[in-house]
Number of protein chains: 2
Amino acid sequence: MASAMAEDTSGFELPLLLFAGFRTIIDRLHAELARQGHPDVRPAYGFAMQAIGRGGATASEVGRRLGVSKQAAGKTVDRLEVLGYVERVDDPADARRKLVRLTSHGIDALDRSAAIFEELRAEWAKALGVERLRALEVDLRTVVPPGLFRLDVAGWFGS
Amino acid sequence: MASAMAEDTSGFELPLLLFAGFRTIIDRLHAELARQGHPDVRPAYGFAMQAIGRGGATASEVGRRLGVSKQAAGKTVDRLEVLGYVERVDDPADARRKLVRLTSHGIDALDRSAAIFEELRAEWAKALGVERLRALEVDLRTVVPPGLFRLDVAGWFGS
DNA sequence: GTAAACTCGACAACGTGGTTGACCAAACCG
DNA sequence: CGGTTTGGTCAACCACGTTGTCGAGTTTAC
């Protein structure tokens, strides 16, 4: 009643489309990563490695960047360590801290991820046209609250 | 080298934007739902109730619609039952089946969700323009594989 | 310089949402 | 009729998150 009755799309579909888009990209990334020698990188690990970055970081810092508790971040780092993607080294300047650094294996995963992300974006650009894709990104940036790149997926789903 | 060097956006940002958009909508939905008398509806419950629908469904069917195992669906139905959103009734025509039906409380939650989704979409339409939003939806539909509305978030993140 | 306050990393208990595997009972199908 | 499929449940387990506690090390304030 209030406004246009165009009724073009149910509002329920929009979040589903956004999630499906996200998921499509992440699924394809990991499928490709698996093909390229990184079969056990999981989404959570990928995000954690991104948060660690080439410069390394402490577990607490990773937690902050990902928007999760330091304990959660610590556990993820544990798993990454077991898989050989990162190593922990003592910080000589501060005995409390343990710097988490990507191993060469971790760097390789990160490099390949970046390349695959570019390929996937290029595919979208081909399917939609560069302009449309750019518009999509611009529009998304305008409607999502800035600054917030919170990746606490599992915990968020549960409360 | 291969193509345009515009370098407008890192491919890494696209999935983040999509996820942030999804999350923004879902978070705002649940904040509003909480304000309207449904403080304990969580994202997983909302999706499950959508899957049950006004006609009701069996737990196995819910699992199929959500893309999760029947056991997982059964557990979610358990929680919904405790919260008073659904009830289980025996199917007189098939003694194995237990039909899961939304209670009036569940229907209310679903109705309000639909209304809130429309409001949120209207907000986006206001911020972006109706045409841009429609384009965004169209584009998303063309790049995500059709049919697939898989909501097994937690399990998917882990594997 | 020492006491208070903060920070890092770790341990433990727990919650949520998912998975497999095993079963039984009921229904379907040859 | 007997064999297969399907629905629901139990039990164990896993991944990822949470809070609370704690000791050790660092910083800040007096």
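What you see is a predicted model; the values in this text were computed from it and never measured. Just so we're on the same page: letters track the sequence lines, and every chain starts at 1.
The pair Glu137(A)-Arg121(A) meets the salt-bridge criterion, since a charged nitrogen lies less than 4.0 angstrom from a carboxylate oxygen.
In this structure, NZ of Lys98(B) is placed 16 Å from C1' of dA27(C), rounded to the nearest angstrom. Remark: C1' of dG9(C) and CZ of Arg88(A) are 8 Å apart, rounded to the nearest angstrom. Distance, Arg64(A) CZ to dT7(C) C1': 9 Å, rounded to whole Å. Per the geometry, CG belonging to Leu99(B) stands 9 Å off P belonging to dG8(D), to the nearest Å. Atom CG of Asp90(B) and atom C1' of dA26(C) are 13 Å apart (whole Å). In this structure, Arg97(A) atom CZ and dC6(C) atom P are separated by 19 Å, rounded to whole Å. Atom CG of Asp40(B) is separated from atom C1' of dT16(C) by 15 Å (rounded to the nearest Å). Put simply, CG on Leu66(A) is 18 Å from P on dA15(D), counting in whole angstrom units.
Panel note: side chain Arg65(A), backbone Ala51(A); a donor-acceptor pair is recorded below 3.5 Å.
Annotation: proximity of residues 70-87 of chain A to DNA chain D (heavy atom, distance under 4.0 Å) is found for Gln71(A), Ala72(A), Lys75(A), Thr76(A), Arg79(A), numbered in ascending order.
On a pure distance criterion of 3.5 Å, a polar donor-acceptor pair joins the side chain of Arg96(B) and the base of dT6(D).
Sparse packing is recorded around CZ of Arg101(B), with 12 or fewer heavy atoms of other residues, nucleotides or ligands lying under 6.0 Å away.
Following chains of ILVMFWY side-chain contacts shorter than 4.5 Å, one cannot reach Leu102(A) starting from Leu99(A), and the two form parts of different hydrophobic clusters. Placement of Leu80(A) and Ile107(A) within a single hydrophobic cluster is found when ILVMFWY residues are connected by side-chain heavy-atom separations under 4.5 Å, directly or transitively.
Between His38(B) and His105(B), the gap from one ring centroid to the other is short of 6.0 Å.
Nearest-nucleotide positions on DNA chain D for Tyr45(A) and Ala93(A) put Tyr45(A) closer to the 5' end.
The two residues Ala109(A) and Tyr85(A) have their closest heavy-atom pair at CB-CE2, 4.0 Å.
Of the side-chain N and O atoms in Arg42(B), none sit less than 4.0 angstrom from OP1 or OP2 of dG15(C). The shortest distance between the side-chain N/O atoms of Ser69(A) and the OP1/OP2 oxygens of dT18(D) is below 4.0 Å.
Ser60(A) comes within contact range of the sugar-phosphate backbone alone, with a heavy-atom separation under 4.0 Å but no base atom that close.
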